[in-house]
Each structure stands twice: as structure tokens, then as C-alpha cells.
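Read the numbers this way: they start at 1 and go in the same order the structure lists the ligands and their atoms. Note that the coordinates shown come from a computational prediction; the quantities given were computed from them, not determined experimentally. All residue numbers in this chain count up from 1 along the given sequence.
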Amino acid sequence: MSSYDVIIVGAGPAGTSASIHLASNGFKVLLLEQKKFPREKLCGEFISPECADHFLRLGVEVEMRAADPAEINETTFYSRYGKRIAVPSRWFGGGAAMGLSRARMDQNLLLRARSVGVDVHDGVVVNNPVEGDGKVLGIRAKVDEVEREYRAHITIDATGRARSLARRVKSADTRHARKSKLVAFKAHLSDSRAEPGVCEIYSYKNGYGGLSTIEAGLSNLCFIVTASEVRQAQSDPQLVMRRSVMTNPRAAYTLESARICSDWLSVALESFGRHKPSPAPGLLAIGDSASFIDPFTGSGMLMALESGELVSQLIVRHRDKLNRDEFAELARDYAKAYAQKFDSRLRVSSLLRRVAFQPRLAQGAISICSFSDRFRGWLARSTRATNTRNSLSAPFS
Ligand SMILES: Cc1cc2nc3c(=O)[nH]c(=O)nc-3n(C[C@H](O)[C@H](O)[C@H](O)COP(=O)(O)OP(=O)(O)OC[C@H]3O[C@@H](n4cnc5c(N)ncnc54)[C@H](O)[C@@H]3O)c2cc1C
């Protein structure tokens, strides 16, 4: 049996950021990830401008810039009936957004975690939380061919929408996902007619898609459709793309001459929104494992970085009490800070998603938004940080 201060499962932006902050503050941290890195990941790969400050604090700013990300200055929403509105990236706060593959971004963060002393193991699937006395005591996993038990004061579920630990803990939040009605697809493209510096979002019946430039002059196409449309197209991603995304005239134009230059990735989307940030005694959740914000906001990775930082700040603040089993106080503080920071934007995003899935409503919303820059700016910011008096909204210095 091995002991750590904190065990984190999942090395997406939430897990790596929490691990870097905690190790930099003197904690002994174990980070376990099921995939061998670098690995591709289904995502729009639009990195919101506010992430740059996180990269700076995490010590990966130079590595991210060295990966030569595309600079994205604007997001343009195209309705199915030809209307369009633009949202400049600076309205989100900061400068331009970045377009960078998840393979590269996540690898940079993982390497940084290793370099600040986090004990990192990739290629390790973790599905077994260890429980005792009504709380999570750690996990069991096979590392380097040896099945072992790892114990910690705190275990963090950073496994994204899989919620691999929270789902399996007996005493946890039992809200299980419904059967998936939506499926997302992603591929990298060359020769698309995407406008340089612009992330394009296309509305169509029962879904939406995004086309954005990434490094090496490629574009990333990521879209959501209903599961029934996927069945009707015999699960052929290119056929699904033509029958759904390309019913939007702008998408038909930008994608007409594009060539697919990666494997297609697909994933079922079970639910959006909020779970409990502290699903069980001894267990905390961050990133998508705590809540899944609607992808078209392009802010899921930001929330992952923010919640990784938030949980670390609280653990640092409660440092002296961790040994005395005072988890309940930490969990309460985290749940409160989490709600203050994220609930309002989750509500706004959920409302916008309902509109985005209905072409006529989306057309109406785009028309209304086109009248006022001020309203558009307010709406864009509403999908991001809330101004809160909570002192924890201040980042790690
Ligand atoms: C269609 C779509 C488009 C999106 N587009 C954007 C976008 O353009 N911009 C944006 O900011 N956000 C976007 N998002 C959201 C963004 O991808 C997520 O919010 C973000 O990846 C969450 O980070 P995370 O670290 O919480 O989880 P993840 O990035 O999902 O990382 C979780 C990690 O845990 C690992 N894991 C899972 N189960 C286990 C297990 N049992 N054992 C060990 N490891 C495990 C996984 O392999 C993974 O590496 C999009 C999401 C979707 C679905």
C-alpha cells in the first residue's frame, strides 16, 4: 500500500492543473490516467482567452506558445437560414483565443505535472475506489503490472464526463446519466475554407458544430447530432456530417473541399450540467466530472482549469486539518465556492443550448443579438466567470 496527500484520477486539464498547483504547494500527489499520452481527445479545441492566465500560473505558457497554436480573434455563429453574428474573443477577457490540439495541450500539462514532482502514471485505468468507515480512502489500480492499493487524505475524480469514481462509490451522488440521445464527432481537416482567425459555429436541426483552426494550418471540426441521425447514417461520420452539419449553407461552403486527415473520434453525450462537487466523504470532483458546460460556449477547458485551481486553493487552505479527518468542512467550503463560481454560467449556458438546438429559435436569437454589441458582450461574458466577492475567486499568485 502506498500513501499520498492527494490522489487524482484523470489527466485532462482539470486533473493536471490541480496536481500541478498541489505539488507546487508541497503536497505529495499521485496522478493516474487511463490513456497513454499524448492522445487525441474529442473537443472543439477552442481554448478561451482566459486560459492564458492559467497557463502562466501553471508554468506552461512557453510550451503552449511553442506549439504554434492558431490565434482566434472571433467566434462567428451562422444560423441555418443565413444570419450571422460575431463575438470577438476579447469580450471573454484577455486577448485572442488559441486553437491547439488536445493531444498537444494535455501533453504539455502532463509533462509539467511530472516536472513539479507529481507521481504520474499514464496507461492506468482506475475503476476501484477504496472505501472504509463510510468514506473514500483511496483507489486500487494496476500500475507497472502490479495491482496495488493507494491511499490518500483526499481523492479527486477528474475523469471527465465518465465520472469513473463518483459513479462507483457506494455513498455517492446517485444521479446516473440517462440513455444518450446525442453523439459528438470530431476530426482534423486540411483544405477547409475556414476563415483564418475565426471559430465558426453552425446551427442546424437538433445540433450544432464548430470549425476552428489549430496548429500546422489544420482545422478541427467538432459537431453534435442526435443518436437517431447517427443510426440512420449507419454510424458513418462523413455521411452524418453531410446530412446534418452541411445543411447549414455556410458549413456546406467551408467543408465542401475539406479533406479528413485524422481518424474520426465519436462519443455519446449523456447529460449536461451539474453534479455534486463533493460526491462522497473523502472524494471531490473537478472539471467535467463536477459539471459539463455546453460545448458551444467554448469554456469547458477553462472551467476545468478553474475548478482544478479552486479545489487546490481550498485543500491548501485546509492543509493543517487534513490529517484530522475534517473532510466535511473542506467539502462544505468547496461546494459553496463552486456554486458561487460556476452556477450562474451553467444556468445561462443551459438556456442557450436549448436555443441552439432549434434552428428557428437560433435564427431569432441571432437576429436579436445582432442589434446590440452591448447585449452580445453581456451574453458572452455570462457564459464565463461571475464577479463574486468570494476571496477564493482570486487566483494563485
Ligand atoms: C463536442 C464537444 C466539444 C467541446 N469543445 C470545447 C471547446 O472547443 N473548448 C472548450 O474549452 N471545451 C470544449 N469542450 C469541453 C471540454 O472538452 C471539457 O470540458 C474538458 O475536456 C474537461 O476537462 P476534464 O479534465 O474535466 O476532463 P477530460 O478532458 O475529459 O479528461 C478526463 C481524463 O480522465 C481520463 N479517465 C477517464 N476515466 C478514467 C479512468 N477510469 N481511469 C483513469 N483515467 C480516466 C480520460 O482518459 C481523460 O484523459 C467540448 C466538449 C465536447 C463534448
Discussion item. Could you see if M303 belongs to whatever hydrophobic cluster contains M64? Use Ile, Leu, Val, Met, Phe, Trp, Tyr and a side-chain cutoff under 4.5 Å.
Written reply: yes
Worksheet item: Nearest protein heavy atom to atom 49 (O) of ligand 1, by residue and atom, and its distance?
Response: E33 OE1, 2.7 Å
Worksheet item: At a 4.0 Å cut-off, with the gap strictly under it, does some heavy atom of V124 reach an atom of ligand 1?
Response: yes
Fill in: Among K186, K35, R102, R104, salt bridge (Lys or Arg N to Asp or Glu O under 4.0 Å) partner for E40
K186
Discussion item. If the contact criterion is a heavy-atom separation under 4.0 Å, does S48 count as touching ligand 1?
Written reply: no
Item to complete: Check whether the side chains of S48 and R384 place a donor and an acceptor atom closer than 3.5 Å, and report yes or no.
Response: yes
Fill in: Contact (N/O only, under 3.5 Å) between D106 and ligand 1
no
Worksheet item: Is it the case that more than 12 heavy atoms not belonging to K28 sit under 6.0 Å from its NZ atom?
Response: yes
Item to complete: Would you mind telling me if ligand 1 is within reach of the side chain of K186, the backbone, both or neither, using heavy atoms under 4.0 Å?
Response: neither
Worksheet item: For E309 and S17, does a side-chain donor sit closer than 3.5 Å to a side-chain acceptor?
Response: no
Discussion item. Under a plain distance cut-off of 3.5 Å, with no hydrogens placed, do T383 and T297 share a side-chain donor-acceptor pair?
Written reply: no
Practice prompt. Apply the test side chain to side chain donor-acceptor pair (under 3.5 Å) to residues E215 and S101: give CA-CA distance (whole Å), side-chain angles for both, the deciding distance (0.1 Å), then the verdict.
Written response: CA-CA 7 Å; E215 71 268 30; S101 64; 2.6 Å; yes
Worksheet item: How far is atom 2 (C) of ligand 1 from its nearest protein heavy atom, and which residue and atom name does that atom have?
Response: P295 CB, 3.7 Å
Practice prompt. Check for a donor-acceptor pair, side chain of S219 on one end and backbone N or O of L211 on the other, with a separation under 3.5 Å.
Written response: no
Item to complete: Verify the neighbour count for atom CG of D53: are there more than 12 heavy atoms of other residues, nucleotides or ligands below 6.0 Å?
Response: yes
Worksheet item: Between P13 and ligand 1, which part of the residue brings a heavy atom under 4.0 Å of the ligand: side chain, backbone, both or neither?
Response: both
Worksheet entry | Protein heavy-atom partner closest to atom 19 (O) of ligand 1 - residue, atom, separation in Å | D288 OD1, 2.8 Å
Worksheet item: At a non-hydrogen distance cut-off of under 4.0 Å, which region of M303 contacts ligand 1 (side chain, backbone, both, or neither)?
Response: neither
Discussion item. Looking only at protein heavy atoms, which one is nearest to atom 31 (O) of ligand 1, and what is the separation?
Written reply: G12 CA, 3.4 Å
Worksheet item: Side chains of N206 and T226: is there a donor and an acceptor less than 3.5 Å apart?
Response: no
Fill in: Within 45° cone of F342 ring axis and under 6.0 Å: R274 NZ or CZ
no
Worksheet item: What part of A158, side chain, backbone, both or neither, has a heavy atom within less than 4.0 angstrom of ligand 1?
Response: backbone
Worksheet item: Does F46, backbone or side chain, put an N or O under 3.5 Å from an N or O of ligand 1?
Response: yes
Discussion item. For atom 11 (O) of ligand 1, what is the closest protein heavy atom, and at what distance to 0.1 Å?
Written reply: M301 N, 2.9 Å
Practice prompt. Tell me which protein heavy atom sits closest to atom 21 (O) of ligand 1, plus the residue, atom name and distance to 0.1 Å.
Written response: R102 NH1, 2.9 Å
Discussion item. Out of all atoms in ligand 1, which are within 4.0 Å of some heavy atom of V126? Include the element for each.
Written reply: 40 (C), 41 (N), 42 (N), 43 (C)
Worksheet item: Just wondering, are more than 12 heavy atoms of other shown residues or ligands nearer than 6.0 Å to CD in E71?
Response: no
Worksheet entry | Side chain, backbone, both or neither: the part of A304 lying under 4.0 Å from ligand 1 by heavy atom | side chain
Item to complete: Answer with side chain, backbone, both or neither: which part of F292 has a heavy atom less than 4.0 angstrom from an atom of ligand 1?
Response: side chain
Worksheet entry | Region of S212 engaging ligand 1 - heavy atom pairs below 4.0 Å | neither
Fill in: Under 3.5 Å: donor-acceptor pair, side chain of R319, backbone of N25
yes
Item to complete: Answer with side chain, backbone, both or neither: which part of V9 has a heavy atom less than 4.0 angstrom from an atom of ligand 1?
Response: side chain
Worksheet, complete the sentence: Within the 4.0 Å heavy-atom cut-off, what I293 brings close to ligand 1 is neither
Worksheet, complete the sentence: for atom 27 (O) of ligand 1, nearest protein heavy atom and its distance come out as G160 CA, 3.5 Å
Worksheet, complete the sentence: N127 heavy atoms within 4.0 Å reach ligand 1 at atoms 41 (N)
Discussion item. If we set the cut-off at 4.0 Å for heavy atoms, which region of L269 has an atom near ligand 1: side chain, backbone, both, or neither?
Written reply: side chain
